[in-house]
Visitor: 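One structure is given below, represented as C-alpha cells, and several questions about it will come after.
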Amino acid sequence: MDKSATRDDPFTPSVVVYDPQTIERKWQRIWQERGTNHTDLQRAQRPFYALMMFPYPSAEGLHVGNLFAFTGNDIYGRFQRLMGHNVFEPLGYDAFGIHSENYALKVGVHPMDLIPRNIANFQRQLESAGLMVDWRYTLATTDPNYYKWTQWLFLQLFEQGLAYRKKAAVNWCPSCKTVLANEQVVSGGFCERCGTEVEQRLLEQWFFRISDYAPRLLENLDHIDWSETTKTAQRNWIGRSEGAELEFETKKVTGEECEIRVFTTRPDTIFGATYMVLAPEHPLVESLTTAKEKKKVEAYRERTTKQDLVARKTSIDKTGVFTGSYAINPATEKEIPIWISDYVLMEYGTGAIMGVPGHDQRDFDFARKFDLPIVRVVCGERDDANTPLAEAFTQCESGTLVNSGIFDGYDVEAGKKAIVEFLSKAGSAKPVVHYRLHDWCISRQRYWGPPIPIIYCDDCGTVPVPEKDLPVVLPFIPDFKPDDSGVSPLARHEEWYRVACPKCGKTGRRETDVSDNFLDNSWYFLRYPSVGHDDVPFEEKVTKKWLPVTSYIGGNEHAVLHLLYSRFITMALHDAGQLAFEEPFTRFRAHGHIIREGAKMSKTQGNIVNPDEYIEHWGADAFRSYLMFLGPYEQGGDFRDASISGTRRFLDRLFASVQTMSSEGTPDHTVMRKLHQTIRKVSEDIPRLSYNTAIASMMEYINVLRKGERTPHRDEVLPVITLVAPFAPHIAEELWEQTGGTGSVFDSAWPSFDPALAKEDTIELVVQVNGKVRGRIHVAPDITEAAAVVAALAEPAVSKFVGGTPKKVVFVPGRLLNIVA
RNA sequence: GCGGAAGUGGCGGAAUUGGUAGACGCGCUGGACUUAGGAUCCAGUGGAGCAAUCCGUGGGGGUUCGAGUCCCCCCUUUCGCACCA
C-alpha cells in the first residue's frame, strides 16, 4: 500500500488524492451539461414525487437548517432513483410575505429588486450543495405567472361560497399606522418596531370556510401515512369537542324576551351554573345592560377593544362587569346574573358561557373575585354534597352528581346524556359537536403579496375579477411604507385602485388587501409539474401522473397551518371537480432541527453556520454527510465543528480504498459477509430516514475493509460507491467513473442484497445466570436449547454461578440463554 | 395551564419486537511512520478495583428469568398553543 496517498503530500503527484473542491465543481458542471437531474415528466414509468418544503429566500442567504432539510429529502430522492423510480425533486421559493417587506423597509431596497437578488444567491448555494433538483421546474410565488393562479384559487373558493367577508379584530399600531402580525407584538402588547402600545381594530376581512371541512380534515388523518407527531398536532388544532348547546331565558331592558345560547362540554353541571358570562363583543350585551350599569359596561368594552389580541389572551387576572340583567337557569329555574368578561371569547362556541364555578377553574377564579355563589354539583369518591370546594373539582371519571334534583346519583357521563335529553324536551338544549378550528383569515393589510382579485362597485357590490383579467398585477410602488392615512399601501395608488367594474363598467374600487402567505404555499406542489403550462394552474395529464405527492418532508413548525391549509385547498379543489384526489401528501415526515453546541442558532448569538464556508473547507459531500450523521433526522441534532472531520475522514478512506484496491485473487469471505450486512442495513435505514445509523454502518464497513492495513479487493469496494451515493453524490460519481462505470451512478442500480452471503456461520450466544451476563459462547446459529445449556455449563465462568440443576432455562434462539439457578 | 418530543460515557449519539447497554463519530491515551505533525496508519478508551467482581441509561417504586425499552409516582430540558367553555 502506498502510504504517501494523503492529501497533504505535495511530493507524490502521481497518486490521485481526494480533492472535493475539484471533484464537486466537475460533477456539478457535468450534471448540468448532461441534464442528469432532469426528469422526463411525460415519459416517466415509475413516477416518484419527492417534495421538500420550499424556502423563503432571505437576504442572509441559505441557512444551514434549510440545507439539513433539503439534504434529507435529496438522499431519499436519490435512493428512490437508484431503486428504479423516476424521481422528481423540484425546488422553488416562497418569496412573498412580511419578512421581505420588513427587511426591504429596513435597508431601503424595494422587494421587487431584493427578491430576485436573494433568489440568485440561494440558487448558487443550493447548487453547490449538490441537490438533485430539476431546476427547469422551479417557481417563485412572487412571479405574476404563479400568483395569477393563486388569485384564480381565490376565485374558485369564492364561487364555491367558501370565501366570505366579515369583521375581525387586528393588532393596530397607532404610531406606525399599520396592522401588526401577532409575532410583531412584543412583551405583552407593544409594537416591535416603535414600542407603542398596540390596539385592537375591527376591519372587514376575507375568510375561507375551512371550519366547514373540520370533520373531514380530522377523519382523513386516520388514513394518511404521516408522522404521528404531525397528525397529533393537527388533531389538537382541529379540536373536536362533544357537548351541548343550552338556552337561557332572559329579558332585555326593553322587556322583550330573548335567549342566550351557550356551548358547554359539561351539561351535567348545569345545576351549578350560578351566573352567565358574555364576551364583551357579544351582540346582546347592549340590550341587556341596564341604565344603571351602562357606564361601567361601556368603559369595560372600550378597554377590551383597546387591548391588543395577545395581551387579552395572555392576562391571567380575571376582570369583568355586571350587566344588570338576569337569566333563568333552566334546571334550577333560579335567576342568575349576567356578566361580561374578556375571558370569554367571541370566536369560540357561542361567545357566551354558563359559569359553573364549582367545576371549572376559570369560572371558579371569576366567582371568587366577584363574590358569586359556588355550588358543588359533582363529588368524587371521597366527598359528599356538602364537602367545601377549595378549587374547582374538574375530575369526571369518578364523579357523581349531587345537588342536581332528580339527577342526583348519576355519574358524570350518564348525567350529561340525561340532562341534555331532559332539557331538549323543553327545547332548551341540543347535543352539538364543536370544533376549535376557526375560519382562515386571508386578508393582509400589506403591500408584498398577491392582490385579492375583487372589485367593489357601488351598483353591483362585490364583483370577482374575471379570470381573463388575471393576474391582478401588484404594482411597483416605490414608497410602500404605511403613512398617516392609515389605508393599505395599494389604496394610495389611484390609477391602480380605481378600476372599471367588470359587470357594469362604472368606476369601482379594487380590494386593497393582499392575501396571506399561507395561500401562496397551500398549492405550490400542484404547480411544479405544470411549470411552463401558462394557460392552466395545473395541467390535467401531468397532474394525474405525478400527484398526489409521493413523499413530503418538512419541518414540524408547519404541522398545523401550512399542512392543514394545503389539505383544505386540495379538498376544496377536489370538490370543485378540479382534482381527482382529496389528500395532497400521501406520505409526510417531519424532520428535526439542528442546534449548535447545545444552543439555538441565532444572529444575536452569532453562532450561525454559514454553509458556504463549510462547503468550501470540507466539501459538500462531507458537509452533507455530517449534517445527516449528527443526529436522527426526525429529531435534529447538535452541530459541532469538531466532528465534521469524522465524516470527511470516512470519505477520504473510501476514496483511498478505491485507489489502492486490487482485482487479483478473490474477495475475503468475512469482508463480503459484512458488505452484505451493510447493504441490508443501509437499504433498511434510508426509507426510515435513519440516516445517521446508515452512515455509521458504512463507516463500520470501511473499518472492516481496511482493518490491519489490508489491501481491499475490488469486489469488496465497488458496491460501497453506490451505497454512499445518496449521501455523497459527487465523490460517488467520481469513483464510479474511475472504476469504469458508464453514465451516472444514479442511473445504475442499487446493490443487491444476498441473504446467504450475509448469514453468520457461528453466532455469539450470550449466557446469563439469573439474568446476569456470565459468558458468551460461539455456536452454530441453529443450536438447540439442550446443546446450548451443555456448552454453557462447560464454561467455568458460567458453571461457578450454577449450583445444582437449573430451576428454569430461558432460551432465545440465536441470541441468549438464561439459566435460572 | 394544555399538548408534543426528549433525558444514556468527557461530547454528538446507537440499541427495529422486553434479550450482550454504550454501535459509529468526536475527543482523549499509547504506539508506528516522520526533520516535524494540528497529516496518515495501528491499538486502547463507561466508572471503581491488582484481580475475581461490583456499580452503571434523570430520581423513586413495580411487573418479569431478564427493563434504556412495559406500568405507577416525581424531577428536569425543550418545542408548539395560550382562558377553547
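Since this is a predicted model, take the numbers as computed values, not measurements. Every chain is numbered from 1 and lettered A, B, ... according to where its sequence line falls, protein lines coming before strand lines.
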Visitor: Hey, what's the ring geometry for A:F753 with A:H676, parallel, tilted or perpendicular (30° and 60° as the breaks)?
Guide: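 It falls in the tilted class, 30° to 60°.
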Visitor: NZ of A:K772 versus C1' of B:rC65: gap in Å, rounded?
Guide: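 These atoms are roughly 14 Å apart.
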Visitor: Can you tell me if A:N692 touches the phosphate of B:rC24, counting only side-chain N or O atoms and a distance under 4.0 Å to OP1 or OP2?
Guide: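 No.
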Visitor: For B:rA15, which nucleotide in any strand shown is its Watson-Crick or wobble partner with both distances under 3.5 Å?
Guide: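 Looking at the geometry, B:rA15 pairs with no nucleotide.
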Visitor: Can you check the A:I595 CD1 to B:rU78 P distance for me, whole Å?
Guide: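 Taking atom P of B:rU78 as the reference, CD1 of A:I595 is at 10 Å.
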Visitor: With a 4.0 Å limit, can you tell me whether A:R649 has a side-chain N or O closer than that to the phosphate oxygens OP1/OP2 of B:rG27?
Guide: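 For A:R649, the contact criterion (side-chain N or O under 4.0 Å from OP1 or OP2 of B:rG27) is met.
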Visitor: Please check the phosphate of B:rC54 (OP1 and OP2 only) for any side-chain N or O of A:R774 closer than 4.0 Å.
Guide: yes
Visitor: With rounding to the closest Å, how many angstrom separate the C1' atoms on B:rC11 and B:rG27?
Guide: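 Straight-line distance between the two C1' atoms is 7 Å.
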Visitor: Determine: side-chain N/O of A:N818 to OP1/OP2 of B:rU64, distance under 4.0 Å, yes or no.
Guide: no
Visitor: Write down the partner of B:rG3 under the Watson-Crick or G-U wobble criteria, each distance required to be under 3.5 Å.
Guide: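 Result: B:rC79.
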Visitor: When you check the phosphate oxygens OP1 and OP2 of B:rU53, does a side-chain N or O of A:K800 lie under 4.0 Å from one of them?
Guide: yes
Visitor: Identify which one of A:N556, A:T230, A:D225 satisfies the side-chain hydrogen bond (donor to acceptor under 3.5 Å, both in side chains) criterion when paired with A:R589.
Guide: A:D225
